[in-house]
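Below: one structure, written as structure tokens.
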Amino acid sequence: MNFHVLTLFPEMVLDGLNTSIIGRAVSKNYITLDAVQIRDYTLDKHNKVDDYTYGGGAGMLMQAQPVYDSCEAVQKKIEEAGRKRARVIYVTPGGYTFNQSMALDFSKEEDLIFLCGHYEGIDERVLEEVVTDYVSIGDYVLTGGELPAMVMIDCISRLVPGVLSNSESSVTESFSDGLLEYPQYSRPEEWHGKKVPEILLSGHHANVEKWRLEQSIIKTKKIRPDLYEKYILDHPVEEKKKRRKQKSCNS
Ligand code: 6GU
């Protein structure tokens, strides 16, 4: 996977993604990360990339020309390397909300271009010409698109084959059924007077797995009732069994 980030703050993106698992993935060449300075492409003699918005209103807008030329330069580089033109993701609070299945879809691409806005946004005309996907990371407003792009790159990267070791990728499995994670414990057996749940010390693998699933369901129902509703629709048998068991306990 080759990530290309169009930004006014390339060092922010490079510095943020050069450590830990993603840093390792870059040095092992499972992914490449290229941050392109949009300002390098402006034809304005004062290196300006923004201007006032027509119709008035607060704030400045990124202009079409440097955004278009920087994006086309990256697409040209990709094509010259013999690969197909990349999808261009505009990171914006006005986009579709990013989720795990979008990440899985993006992870199958060979190249991805992220366009990071600043100021009050980007001239609509260039967005119409270059952007294929409008994506937000949630219902809150950030000062720029770099952090959202880094969030998405991290999430997509860990789905690229080779990026995670076997032990790291087993974590994905427990999340991918749409439930929140069960509580976990390490040594010591007792800390601040709190004991590790007995069942985890039993060595009975099937019972441990059953307990973990129950804990996941309880937690999801409380914290994310939306995910819980979806889970019971997808797993009607398990839930019916549980309700039957509860009924027989009550009677
Ligand atoms: Cl993608 N960009 C900005 N600037 N703010 C956001 C966002 C994106 N997603 C949530 N808030």
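The first residue in the sequence is number 1, and the count goes up from there. We count ligands from 1, going down the list as the structure has it; atoms in each ligand are counted the same way.
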Report task. Answer yes or no: does an N/O atom from Gly145 fall short of 3.5 Å to an N/O atom of ligand 1? Result -> no
**Report entry** Identity and separation of the nearest protein heavy atom to atom 1 (Cl) of ligand 1
**Finding:** Thr92 N, 3.0 Å
Report task. Could you list the atoms of ligand 1 found under 4.0 angstrom from a heavy atom of Val135? Result -> 1 (Cl)
Query raised in the report: Heavy-atom contact under 4.0 Å between Leu147 and ligand 1?
Result: no
Query raised in the report: Could you give all pairs that pass the ring-ring contact (aromatic ring centres under 6.0 Å, His included) test and reach residues 7-31, with sequence neighbours left out?
Result: Phe9-His118
Query raised in the report: Charged N to carboxylate O below 4.0 Å: is that the case for Lys230 and Asp234?
Result: yes
Query raised in the report: Has ligand 1 got any nitrogen or oxygen that is less than 3.5 angstrom from a nitrogen or oxygen of Thr143?
Result: no
Query raised in the report: From Glu146 CD over to Asp15 CG, what is the distance, rounded to the nearest 0.5 angstrom?
Result: 12.0 Å
Query raised in the report: What is the closest protein heavy atom to atom 6 (C) of ligand 1, and at what distance does it sit?
Result: Tyr140 O, 3.6 Å
Requested in this report: Identify, for atom 8 (C) of ligand 1, the protein heavy atom at the shortest distance, and state residue, atom and that distance.
Outcome: Pro148 CG, 3.5 Å
Query raised in the report: Where is the nearest protein heavy atom to atom 5 (N) of ligand 1: which residue, which atom, and how far?
Result: Leu142 N, 3.1 Å
Query raised in the report: Tell me, which protein residue and heavy-atom name are nearest atom 3 (C) of ligand 1, and how many Å apart are they?
Result: Pro93 CD, 3.4 Å
Query - Under the side chain to side chain contact (heavy atoms under 4.5 Å, CB included) test, residues paired with Arg85 that sit two or more places apart - result: Glu72, Gln75, Glu79
Query raised in the report: Within a radius of less than 6.0 Å around OH of Tyr185, do more than 12 heavy atoms belonging to other residues, nucleotides or ligands occur?
Result: yes
Report task. Indicate yes or no: does Glu110 engage Lys84 in a salt bridge with an N to O separation below 4.0 Å. Result -> no
Query raised in the report: When you check the gap from the basic side-chain N to the acidic O, do Lys76 and Glu80 get nearer than 4.0 Å?
Result: yes
Query - Proximal atoms of ligand 1 relative to Ile137 (non-hydrogen, under 4.0 Å) - result: 9 (N), 10 (C)
